[in-house]
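Step one of this worksheet: look at the structure below.
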Amino acid sequence: MNSSRDVWVFIEQEGGKIADVSLELLGKGRHLADRLNSELVALVCGYRIDHLAEPLIHYGADRVLLADHPELELYRTLPYARVAINLVQERQPYIFLVGATPIGRDFAPRVASAVRAGLTADCTDLQIGDYESKKEGKVYHDLLYQIRPAFGGNLIATIVNPNMHPQMATVREGVMRKAEPDPTRQGLVEQIEPAFEPEDFALQVVSRETRESTVNLKDAATIVAGGGGVKTPDDFNLIKDLAHALGGEVGASRAAVDAGFISREHQVGQTGTTVRPRLYVAAGISGAVQHRAGMDKSHKIIAINTDPHAPIFDIAHYKIVGDLRKVLPMMIDALRAKAK
Ligand code: FAD
């Protein structure tokens, strides 16, 4: 069925700037393509985007498919999906990776259903391996293991898709590591002429308003996060004060976000942001698996909790059993005194 073993990555860009998640996927895609001894292909849609080809090659692509057209200037489901569906049907990639961003979550299922491919959302790891189907008495070689938490995060599932290719997966920003760009890498650039249908333009963008996020949890070196153990907005100010004293960002568990102490942009975890700070302070956070999914990779973790058996202590490097309303002011005072 498969005419190629190529690994494709959908490159998301906004105003000519490549999304971090796409570069992260190129890093992972490079490993997968090397393992399969195949090409890593970057598909990018937009308008006046010629300049993107070179960095994509530096980040690992062997080939860049550039669909450069005025109708692709802004993301719209149908024109973007049309370009991808036509290319996938024509070239039959083996694997197709997409960022689990709002755009990726719209684009990937549209393409998957049109080409009748399997799609696993929000993978936390991707590997290549074999699969033995006992039912068919057959071994499938070199399938994509699509690994992700399942059943509310209580187990890690490995999903394979032996027949309906390409094997499609989405991955959230921050989960994979960006490779170091190599300015000496060479690759091919192919201009793609989109073949739109009139119905692709059912939706017209009349006006557009954008706002840059002021929160950058993903790249923060220090994060101080508050959880359900914080009971009042005043107590949440202690989280903010400590973050400020440490020159870090404010994070939160879903419990703190649901309580209205801070906006969802600050949520760490499976349905929030995946972070990799050098220091993560978790105050009043139990350490539920869905929260840990986003912060396990932190280098040093300080946990403050009244419950000595809280699961967060299983992964913490420094464990403070105590009331955050007493512990946090002491930490803030000590830091302020040191700064004088
Ligand atoms: P709680 O469970 O209320 O725990 C509060 C902790 O604070 C307890 O350990 C308690 O001992 C301690 N405490 C209480 N008072 C004090 C005090 N005065 N001082 C110090 N410690 C104190 N959660 C996320 O965080 N991020 C996600 O992305 C996420 N995604 C999810 C996705 C799914 C599909 C599901 C089902 C759940 C998800 N959740 C997520 C929710 C998650 O399961 C937990 O409910 C949530 O993380 C609990 O937050 P918490 O530990 O801060 O609050």
Side-chain angles (χ1 to χ4, degrees), residues 21 99-102 105 120-125 146-157 159 170-176 213 215-218 220 223-243 249-277 280-298 301-333:
V21 68
T101 60
R105 288 185 170 134
T120 303
D122 290 355
C123 292
T124 50
D125 196 8
Q146 298 152 55
I147 300 164
R148 56 152 296 159
F151 296 106
N154 292 317
L155 61 86
I156 299 293
I159 297 163
T170 67
V171 178
R172 288 178 5 171
E173 184 170 298
V175 172
M176 305 293 173
S213 171
V215 186
N216 185 3
L217 277 187
K218 191 172 74 73
I223 295 174
V224 181
V230 183
K231 300 292 185 221
T232 67
D234 268 353
D235 287 347
F236 203 86
N237 283 336
L238 294 173
I239 305 287
K240 294 178 182 168
D241 288 348
L242 182 61
E249 280 277 7
V250 178
S253 72
R254 194 162 93 178
V257 171
D258 288 349
F261 296 147
I262 196 142
S263 67
R264 198 157 292 281
E265 286 169 299
H266 293 264
Q267 183 177 314
V268 173
Q270 189 184 322
T271 45
T273 303
T274 301
V275 298
R276 294 175 193 273
Y280 191 86
V281 183
I285 293 180
S286 62
V289 65
Q290 295 89 357
H291 187 78
R292 285 162 54 161
M295 49 78 66
D296 254 356
K297 301 161 195 96
S298 308
I301 298 166
I302 301 177
I304 305 157
N305 202 300
T306 43
D307 175 5
H309 305 295
I312 192 77
F313 286 137
D314 297 343
I315 55 163
H317 303 91
Y318 299 96
K319 308 167 193 197
I320 304 174
V321 179
D323 187 329
L324 63 89
R325 288 166 302 182
K326 288 189 184 148
V327 177
L328 291 178
M330 286 195 274
M331 291 171 85
I332 296 162
D333 288 347

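The structure displayed is predicted, hence computed values, not measured ones. Remember, it's 1-based here, ligands and their atoms both numbered in the order they're listed.
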Between K240 and D235, is the closest basic N to carboxylate O distance under 4.0 Å?
no
Atoms of ligand 1 close to G322 [distance to a heavy atom under 4.0 angstrom, numbered from 1]
19 (N), 20 (C)
Closest to atom 11 (O) of ligand 1 (heavy atoms only, candidates N305, I320, T273) is N305
Using distance alone, decide if ligand 1 has a nitrogen or oxygen within less than 3.5 Å of any nitrogen or oxygen in L324.
yes
Strictly distance-based, threshold 3.5 Å: is any side-chain N or O of E249 a donor or acceptor partner for the main-chain N or O of N216?
yes
For the residue pair I159 and R148, establish whether any side-chain heavy-atom pair is separated by less than 4.5 Å.
yes
Between T274 and K218, is there a donor-acceptor pair closer than 3.5 Å when you use the side chain of the first and the backbone of the second?
no
Those atoms of ligand 1 less than 4.0 Å from some heavy atom in G229
5 (C), 7 (O), 13 (N), 14 (C), 15 (N), 16 (C), 17 (C), 18 (N), 22 (C)
N305 (side chain) donor-acceptor with I285 (main chain) under 3.5 angstrom
yes
Compute the shortest N/O to N/O distance between K231 and ligand 1 and return yes if it is under 3.5 Å, no if not.
no
Check ligand 1 against D323 and write out every atom of the ligand that is under 4.0 Å from a heavy-atom position of the residue.
17 (C), 18 (N), 19 (N)
State whether R105 and D122 are salt-bridged, where the test is any N-O pair (Lys NZ or Arg NE/NH1/NH2 against Asp/Glu carboxylate O) under 4.0 Å.
yes
Check each atom of ligand 1 against the heavy atoms of T271 and keep those under 4.0 Å away; list them by number with element.
27 (C), 28 (O), 29 (C), 30 (N), 31 (C), 32 (C)
Starting from the C-alpha separation in whole Å, work towards a yes-or-no answer on side chain to side chain contact (heavy atoms under 4.5 Å, CB included) for R264 and R254.
CA-CA 8 Å; R264 198 157 292 281; R254 194 162 93 178; 4.2 Å; yes
For atom 5 (C) of ligand 1, which candidate among G227, G284, A283 provides the closest heavy atom?
G284
Closer than 3.5 angstrom, by distance alone: can the side chain of R276 be matched with the main-chain N or O of V175 as a donor-acceptor pair?
yes
I'd like to check whether G272 has a polar contact with ligand 1, where a contact means an N/O of the residue lying under 3.5 Å from an N/O of the ligand.
yes
Identity of the nearest option to atom 13 (N) of ligand 1, non-hydrogen atoms only, from V289, T306, D307
T306
Which ligand 1 atoms are under 4.0 Å away from a heavy-atom of A288?
42 (C), 43 (O), 44 (C), 47 (O)
Of all the atoms in ligand 1, which lie at a distance below 4.0 Å from a heavy atom belonging to V268?
24 (C), 25 (O), 26 (N), 27 (C), 28 (O)
